[in-house]
Participant: 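One structure coming up, written as structure tokens, with questions to follow.
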Amino acid sequence: MGEEKKVSRKKIEATGVMNKYMADYFYELDRASKSGERKIAWCTSVGPAELLLSMGFLVYYPENHGALLGTSRMATEVIPNANAFGYSPDICSYLTADIGAYIKGVTPLSKAFEGIESVPKPDVLVYNTNQCRDVKDWFAWYSRELSVPLLGIHTHRNPTGIDENVIDSVARQIEDLVLPLEKISGNKFELDKLKSVVALSRECSELWKEVLETASAHPAPLTFFDGTIHMGPAVVLRGTQKAVDYYKILLKELKERIKNNEGAVADEKFRLYWEGMPVWGRLRAHSELFSGLNACVLASTYCNSWIFTDFDPEDPFRSMAKAYSELFIVKSDEAKEKYMRKMIEFFNIDGVIYHDAKTCPNNSNNRYGMPQRLEKETGIPSITINGDLNDLRLISDEQTKTNIEAFIEQLEESRIH
Ligand code: SF4
């Protein structure tokens, strides 16, 4: 491998607009938390946010806070506080970082937004176990700690296909939330309001999908690392007009890049797919590592997870049930592999990076032979890097660098021969 280069990816101009929208979102939550003027619901990232928004709640996502603890590199220092309460260092490091930060009385929001001293206080906690059991345990801790009601949906895990029984069951569970939420919010449920929010979420999803699909261009106008930042509005602002407005702006910029043949990574030679969680505290380092090798990590399952094109405003409960049960993370390996084959082909991928995140088995798909099966079927090589989403003690930067460099070398050699 040649001399070490530090190469940044091309800056996205729309970032300023996104930062403003995200700041508005956190300040609105902070005002409501301090004044009590609006009720606040905490929701899991792929929970029934549309129902909560339609009933007048402001919605806060602890997983987003977990990721902020990761990017700010505060996570590693606060995780032991949760361990001391019996939450193992081996379970979700979003959970342990978030609860640890609460126990310690710190939040990265204070550093990012002047005047915000703490996360917003919840009036209700709503989870969906579609992604993992950890979210339920996580919210249950706050429910006990803050004496706040806990509501949830239990989703069927690992099906190969979503049938009508699953949709019926999940839709009924979402409908069952209406009555308790009416009591907590003091607002009557209105079907038309829910339809409008679902329509906005659907529009946001279509645009986010289009944004991510621009990376099929050669060279790709955006990277996975951009995606992890710019997915913010799809996670916390879906169901609002702002998310729709933002993705129109971002999409315009990316289309312009394609027209001008501008890649996110200079001189793109290798096109890679990222499978698994990001390493939040190493986004920049990983981005520079790959860019320096003229490799563009341009697509991922992770960023795709906030595409919900099944939403249908005419059938809001059942379509929400379908969209939130059709997630990659919920499905069987057979269905996941089918999806991966499609992605490898669509984005014209040269190699796949699997991130084995120690504390998130749910998002580590390398553990049951999937990389080997997919390599055999597609002929596309892959590598697994060991690490974690948030706990930097579980990462060896040297090892990652050496493995990635060797992998790119292998890709280079296979082109020569
Ligand atoms: S899916 Fe993984 S990272 Fe997300 S909440 Fe569950 S255990 Fe944590």
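Each ligand, and each atom within it, is numbered from 1 in the order the structure gives.
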Participant: Please report whether the ring centroid of Phe139 lies less than 6.0 Å from that of Tyr60.
Facilitator: no
Participant: Listing by chain and number, which protein N, O or S atoms are under 2.8 Å from atom 2 (Fe) of ligand 1?
Facilitator: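 Under 2.8 Å from atom 2 (Fe) of ligand 1 - ignoring waters, which are not counted - the protein N, O or S atoms are Cys360 SG.
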Participant: Taking ring pair (Phe, Tyr, Trp, His ring centres under 6.0 Å) as the cut-off, I'd like each qualifying pair that reaches into residues 145-177, sequence neighbours left out, listed once.
Facilitator: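 For residues 145-177: Tyr127-His154.
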Participant: For Asn390, check side-chain hydrogen bond (donor to acceptor under 3.5 Å, both in side chains) against everything at least two apart and list the hits.
Facilitator: none
Participant: Report the residues that fulfil ring-ring contact (aromatic ring centres under 6.0 Å, His included) with Phe85, sequence neighbours left out, ordered by chain and then residue number.
Facilitator: none
Participant: Do the ring centers of Tyr339 and Phe328 come within less than 6.0 Å of each other?
Facilitator: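 Yes, the ring centres sit under 6.0 Å apart.
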Participant: Before you tell me yes or no, could you show the steps for Met74 and Lys111 under side chain to side chain contact (heavy atoms under 4.5 Å, CB included), namely the whole-Å CA-CA distance, both residues' side-chain angles and the distance that decides it to 0.1 Å?
Facilitator: CA-CA 11 Å; Met74 289 168 73; Lys111 287 191 189 156; 4.0 Å; yes
Participant: Give the atom numbers and elements of ligand 1 that come within less than 4.0 Å of a heavy atom of Val135.
Facilitator: 5 (S)
